[in-house]
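Comments concern the structure below.
Quick caveat: nothing in here was measured; it's all calculated off a predicted structure. Basis for what follows: all heavy atoms, side chains included, without hydrogens, waters or symmetry-related copies.
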There are 2 protein chains.
Amino acid sequence: MSNDKISKLPEPYVDFDLLIHSVPNGDEKAVAKVREHDAQLTKPAGSLGNLEALVRHLARWQGKSKPTLDNPMVAIFAGNHGVTAQGISPFPSEVTAQMVANFSAGGAAISQICALHQLNLRVFELALEMPTKDFTVEAALSDKDCAATIAYGMEAIAGNPDLLCIGEMGIGNTTVAAALYAAIFGGTGADWVGRGAGIDDEGLAKKAEIVDKGLALHLGEKRHSLEILARLGGREIAGMVGAIIGARHKNIPVIIDGFVASSAAAIIYGVNPNALDHCIFAHTSNESAHQKALDKMGKVALLDLGMRLGEGSGAALAAVLVKTALHLHNNMATFAQAAVSGKSE
Amino acid sequence: MSNDKISKLPEPYVDFDLLIHSVPNGDEKAVAKVREHDAQLTKPAGSLGNLEALVRHLARWQGKSKPTLDNPMVAIFAGNHGVTAQGISPFPSEVTAQMVANFSAGGAAISQICALHQLNLRVFELALEMPTKDFTVEAALSDKDCAATIAYGMEAIAGNPDLLCIGEMGIGNTTVAAALYAAIFGGTGADWVGRGAGIDDEGLAKKAEIVDKGLALHLGEKRHSLEILARLGGREIAGMVGAIIGARHKNIPVIIDGFVASSAAAIIYGVNPNALDHCIFAHTSNESAHQKALDKMGKVALLDLGMRLGEGSGAALAAVLVKTALHLHNNMATFAQAAVSGKSE
């Protein structure tokens, strides 16, 4: 979606639109330094595959020839959704707040992944007591609220993380994400909905109908991606949009979790595809349309573990691989140090 | 390959053939207990995908309803190959011993994966100063030597690991593995050879020719898989065969590394496919024919990271996922503990 087809961008989005268009480039000099060191390590060139690429990704987007992982952060954005009134999830909306408490208490999957692998976990509650409006009836968020939540997301990542994993929690938000994908990439509800936390066949058909209703109500005219975000909603999705853009401008590489987190990336993609270059896509979710969303953005996920939990769990597992990759880069012996004969040329 | 088509199994293999045929079954009661606990954890049922399956795998093959990972071991088997005289690797044979020293000194990739993630690393040198014979000229190993090395591999895993990662080191051994795959699964050298540590196009064609020469020399009559192993060789491969079978009989789940380690699995598959049920295949190697080998055995790898290093590196990364999976199973809160509302039915 290119902006020139859109008559007028509402004022609250002007700055964000500019930020998404004016993203800094990666540091190719830092990447060259990483390649140089990597070539000396005791292994055949290229044999660590994606692990080597992950170190280059860190270097490129941190702008450091010696990348760091002193402060890897998992940020979970949580929101509630008016559209749950339509009965689209097998779990009640209260579960969002209950799970937020569970994250902090250490009982959730993400808490324990972070504890085991020393990742910092931060949870951002986005007005859980004020669900967005039901998008089948009206806009989920006003443009002003949407913009304020993006701004909050940008601020949320203060504290100088050197790697940012983006995750979410929000009962009903696979429906919202499906609506966003359909609005950005085309297609109908049936193309994008999935079973979420475990809805049955009847529920699945209902989710598709609800998405179609939302598309019909809000997409009468061509809209900017950020307007689409407000209309179909998701405070946690707006927060993630802000975090992803903010990270790019602060030289923080990002790892995107699954189906819902990727819908925040899709919003940014709708404005400027290059603004996602600092993002690693952690895993292919078992939520059926995730692969399609990745394909639309031209992204290949690092892992495919049949997961569909959200809460940043896939992103955190990918971060473990990134940590491992950097540890190898920094601690393996060189051919000279280990007195290992090199390849004959 | 079924044994009744083979006239006579040489005596040194009789016991091993029996051991491969008489493998114990998994403990489905332990699996049921794991399922019961998993269902209570604060996540939608099934949402951790393969991580949940990994915990069930541990339970099934450890025979424990509460699986343990107190002593995860990475075992690297190292051997040298007479066929390297044909010039099939860009690295000289001395590198095998040099890398073994590097494993112990902590400079290799596997050393640092194990250090970061607290996996025990053991390296088994298999007569590095006595390479196998060149299989294009004669049998790589005598039946007696081959059987003795299998027996050594079975003993090597003493020390009660509760998870065993199988890896290898051996300049020239991707050629040997390719020959073994061709002998077990059919096809010619060109179907199974790849670039190994980085051979060029000319070298690749040569590898294929050499494999074809070996097949022509040794497969005039139908042979038992263990005889094929001796003919085409690989002490480290025989060691891995022993370790994989030994682990099954000692209730130790196994993770198989990449292209070469999987050729040890293929030998066992040739005798009894069910004897691999306790094995997780860690990753799809970037060595081109590995996916085909996995397909032939009906196995799906856990990871696909474009790696082709060997030395157990892919298996160790998979072990990190297994550790994480068990940590979640043991430490996540239940719905009751966390006061999280369950799914409405």
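- A side-chain hydrogen bond (donor to acceptor under 3.5 Å, both in side chains) check over residues 300-324 of chain B, counting only residues at least two apart or in different chains, returns the pairs H117(A)-T324(B).
- With a 4.5 angstrom heavy-atom cutoff, L303(A) touches chain B only via side-chain atoms.
- Within residues 36-50 of chain B, the residues that have a heavy atom under 4.5 Å from a heavy atom of chain A are T42(B), K43(B), P44(B), A45(B), G46(B), S47(B), L48(B), G49(B), N50(B), listed by number.
- Within the 4.5 angstrom heavy-atom criterion, atoms from both the backbone and the side chain of I113(B) approach chain A.
- Screening L317(B), V320(B), L321(B) for a side-chain contact (heavy atoms from CB on, under 4.5 Å) with L321(A), the sole residue that qualifies is L317(B).
- Residue contact with chain B, scored on non-hydrogen atoms closer than 4.5 Å, involves the backbone and the side chain of A109(A) alike.
- Across every non-hydrogen atom of P92(A) and S341(B), the tightest pair is CG-CB, 3.9 Å.
- The stretch residues 83-109 of chain B participates, sequence neighbours left out, in no ring pair (Phe, Tyr, Trp, His ring centres under 6.0 Å) pair at all.
- Shown here is K66(A), whose NZ atom has no more than 12 heavy atoms of other residues, nucleotides or ligands within 6.0 Å.
- Nearest heavy atom pair, residue Q112(B) against residue M332(A), reads CG-N, 4.3 Å.
- In this structure, A338(B) and N102(A) approach most closely via the heavy-atom pair CB-OD1, 3.4 Å.
- T96(A) meets the side chain to side chain donor-acceptor pair (under 3.5 Å) test with N80(A); sequence neighbours excluded.
- Only the side chain of V95(A) comes within less than 4.5 Å of a heavy atom of chain B; its backbone N, CA, C and O stay farther away.
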